[in-house]
Amino acid sequence: LAEFGQFDLIVGSDIILSSFDLDKLFSSCYALLARSAEARLILAFEFREDWQAISDFIGWAEAANMEVQHEELGDPDDEIYLYTFRWKDVT
């Protein structure tokens with residue numbers, strides 16, 4: 001992935017599923033997200049009877065010195081969330 005460089009913004013939607021190789025997805029995001037205070041990884045997630053997938057992703061991000069914020073989108077019954085990840089302590 002080094003050949004692609006790093007990016008200030010990475011956006012994904014409907015890609016956090018327990019059947020995917022989430023560890024590889026996180027590793028790719030980790031490698032591609034620029035190490036700057038402005039850099040963001042933004043993921044939209046729809047709950048599908050499995051909180052473990054997003055929980056694992058958040059755990060890996062926190063272990064990698066990232067912080068995460070989330071907000072609910074639309075109708076609460078839809079259970080769609082927007083997660084924003086950013087680096088901690090980066091100047």
Side-chain angles (χ1 to χ4, degrees):
L1 292 176
E3 66 194 66
F4 297 109
Q6 293 187 316
F7 300 88
D8 292 326
L9 179 63
I10 299 174
V11 178
S13 178
D14 211 21
I15 58 175
I16 304 293
L17 301 169
S18 60
S19 60
F20 288 176
D21 291 328
L22 289 179
D23 56 337
K24 292 177 183 173
L25 174 63
F26 178 78
S27 295
S28 296
C29 292
Y30 179 86
L32 293 171
L33 190 63
R35 301 307 190 271
S36 72
E38 296 80 24
R40 299 289 185 271
L41 167 61
I42 299 174
L43 299 176
F45 171 77
E46 180 180 3
F47 174 68
R48 291 190 175 98
E49 306 302 323
D50 178 16
W51 285 109
Q52 191 62 48
I54 192 66
S55 178
D56 288 346
F57 200 93
I58 291 169
W60 297 326
E62 291 175 340
N65 201 35
M66 299 179 87
E67 62 182 33
V68 60
Q69 297 175 330
H70 73 279
E71 63 182 282
E72 193 167 37
L73 300 178
D75 188 320
D77 291 336
D78 292 338
E79 295 184 300
I80 299 173
Y81 302 89
L82 186 69
Y83 289 85
T84 303
F85 300 81
R86 67 182 196 89
W87 299 111
K88 291 181 186 176
D89 306 320
V90 176
T91 56

For this session: Scan for salt bridge (Lys or Arg N to Asp or Glu O under 4.0 Å) pairs involving residues 20-30, sequence neighbours excluded, and state none if there are none.
Result: D21-K24

For this session: Kindly compute the distance separating OG (S28) from CG (L33), expressed to the nearest 0.5 Å.
Result: 12.0 Å

For this session: With sequence neighbours left out, write down each residue that passes side-chain hydrogen bond (donor to acceptor under 3.5 Å, both in side chains) with E67, or none if nothing qualifies.
Result: R86

Exercise. Do L43 and W51 share a hydrophobic cluster (ILVMFWY, side-chain heavy atoms under 4.5 Å, transitive)?
Worked result: yes

Run the side-chain donor-acceptor check on residues 53-63: report pairs under 3.5 Å with partners two or more places apart or on a different chain.
from : atom 1 : to  : atom 2 : distance (Å)
D56  : OD1    : Q52 : NE2    : 2.6

Problem set entry | Residues that F7 engages under ring pair (Phe, Tyr, Trp, His ring centres under 6.0 Å), provided they are two or more places apart | none

Exercise. Residues two or more places apart in sequence or in another chain: which of them pass side-chain hydrogen bond (donor to acceptor under 3.5 Å, both in side chains) with D14?
Worked result: R48

For this session: Please report the shortest heavy-atom distance between F26 and M66, naming the atom on each side.
Result: CE1-SD, 4.3 Å

Seminar exercise, completed: Hits for side-chain contact (heavy atoms from CB on, under 4.5 Å) against A34, two or more places apart or cross-chain, chain-then-number order -> Q6, D8, S36, A39

When the side chains of residues 70-84 are checked against the rest of the protein, which donor-acceptor pairs come out under 3.5 Å, sequence neighbours left out?
from : atom 1 : to  : atom 2 : distance (Å)
D75  : OD1    : D77 : N      : 2.8

Exercise. Tell me, do I16 and L25 make a side-chain contact under 4.5 Å, heavy atoms counted?
Worked result: yes

For this session: State yes or no: do V11 and I15 share one hydrophobic cluster built from I, L, V, M, F, W and Y residues joined by side-chain heavy-atom distances below 4.5 Å, directly or via other members?
Result: no

